[in-house]
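First the structure, in the form of C-alpha cells, and then the observations on it.
Only a predicted model underlies this, so the values are computations on that prediction, with no experimental measurement involved.
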Amino acid sequence: MNDFNISTLSEEDISQVVNIHIESFNGFFLTTLGYSFLHCYYSSVIRNEDSICVGIFDKNKLIGFAVGTIKPVGFHKKLFLKNFKLFLPYLFKYIFKPKVILRLLLNLQKGSKREINNYAELLSIAVNKNFMGKGWGKILLKEFERQVLKNNFKNIILTTDYYNNEYTMNFYKNNGYSVFDIFITYPKRKMYKMIKRF
C-alpha cells in the first residue's frame, strides 16, 4: 500500500470518478442517465465549497473515491441552481419524460422524516472492481470521516438500499454505522438511512 496515496479530488479526476461509478452502480437510476450527466453531476459536486471529495490513487490512476457534503440540507437544490446552465441540456433531453425528472429530483433528496442535528452526509463511495476486497473502501471511509471531524461535525449519515444489499450493509455496520431510519423514496424504493456518531 506504500505506492498508493490519498488526496482531494480535482476536476482532472472526474472522468475516472464517472468510470468507477458506472462500473460500481450498474443499473442504478443515476447511472442510467448516462456518462455525460454523471460527469456534469460529479463536476458540480467536486467544485462545491461544501463538498468533501477524496480519492485513492496508484500514481495518476484513481482506484476509489468517496464524496459527500458537510451541508446536506438543500445541498442538491443549491448544486442544481448554482450549475443550472450545465444541467439545462438534461432538462431539455427529458422534457417529454417528466417521470424521469421527478425521480431524479426526489431520489437526490432521499429524505426521511426523522431529524438529525450537526451532521455531514456521505453521498457516494466506490472502488475499482480490480481493487475490491483489499481494504481500500475502509481507508476511503476513514479519510472521509477524518475530513468531517476536522470540520467539527459529529454525525455522518448515508442512504443505501433496503433489499439485496447485504454486502454493503455489512461494510457499513463493520465500520460503526447503524440503522437510523427506514423510508420509501420514489418510486416505492425502500431505503435505509444509516448513521455514525462520534
Is there a donor-acceptor pair closer than 3.5 Å between any side-chain N or O of [X] and the backbone N or O of [Y]?
{"X": "Asn118", "Y": "Lys154", "answer": "yes"}
{"X": "Asn165", "Y": "Asp161", "answer": "yes"}
{"X": "Asn48", "Y": "Asp50", "answer": "yes"}
{"X": "Glu143", "Y": "Ile56", "answer": "no"}

With side chain to side chain contact (heavy atoms under 4.5 Å, CB included) as the test, pick out the partner of Glu121 among Ile52, Asn155, Ile156, Ile157.
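Per the side chain to side chain contact (heavy atoms under 4.5 Å, CB included) rule, the option paired with Glu121 is Ile157, out of Ile52, Asn155, Ile156, Ile157.
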
Side chain to side chain donor-acceptor pair (under 3.5 Å) involving Ser44 - partner list, sequence neighbours excluded:
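Listed in chain order: nothing, the list is empty.
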
Any idea which heavy atoms bring [X] and [Y] closest together, and the distance?
{"X": "Phe153", "Y": "Ile70", "result": "CZ-O, 3.3 Å"}
{"X": "Ser51", "Y": "Val45", "result": "OG-O, 2.7 Å"}
{"X": "Val54", "Y": "Gln147", "result": "CG1-CG, 4.4 Å"}
{"X": "Ser24", "Y": "Ala126", "result": "OG-CB, 3.5 Å"}
{"X": "Phe75", "Y": "Thr69", "result": "CD1-OG1, 3.3 Å"}

Using the benzene-type ring in the case of Trp, are the ring centres of Tyr192 and Tyr172 under 6.0 Å apart?
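Ring centres of Tyr172 and Tyr192 not closer than 6.0 Å.
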
Could you check whether the rings of His39 and Tyr35 sit parallel, tilted or perpendicular, using 30° and 60° as the cut-offs?
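Tilted.
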
For Phe65 and Tyr42, take the angle between the two ring planes, folded into 0 to 90°, and tell me which bin it lands in: parallel under 30, tilted 30 to 60, perpendicular over 60.
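Plane angle over 60°, so perpendicular.
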
Joint cluster assignment, [X] & [Y], ILVMFWY side-chain distance < 4.5 Å:
{"X": "Leu86", "Y": "Leu33", "answer": "no"}
{"X": "Met169", "Y": "Phe28", "answer": "no"}
{"X": "Ile22", "Y": "Ile46", "answer": "yes"}
{"X": "Tyr41", "Y": "Phe80", "answer": "yes"}
{"X": "Phe25", "Y": "Phe171", "answer": "no"}

Give a yes or no on whether [X] atom [atom1] has more than 12 heavy-atom contacts from other residues, nucleotides or ligands under 6.0 Å away.
{"X": "Asn130", "atom1": "CG", "value": "yes"}
{"X": "Glu166", "atom1": "CD", "value": "no"}
{"X": "Lys173", "atom1": "NZ", "value": "no"}
{"X": "Glu49", "atom1": "CD", "value": "yes"}

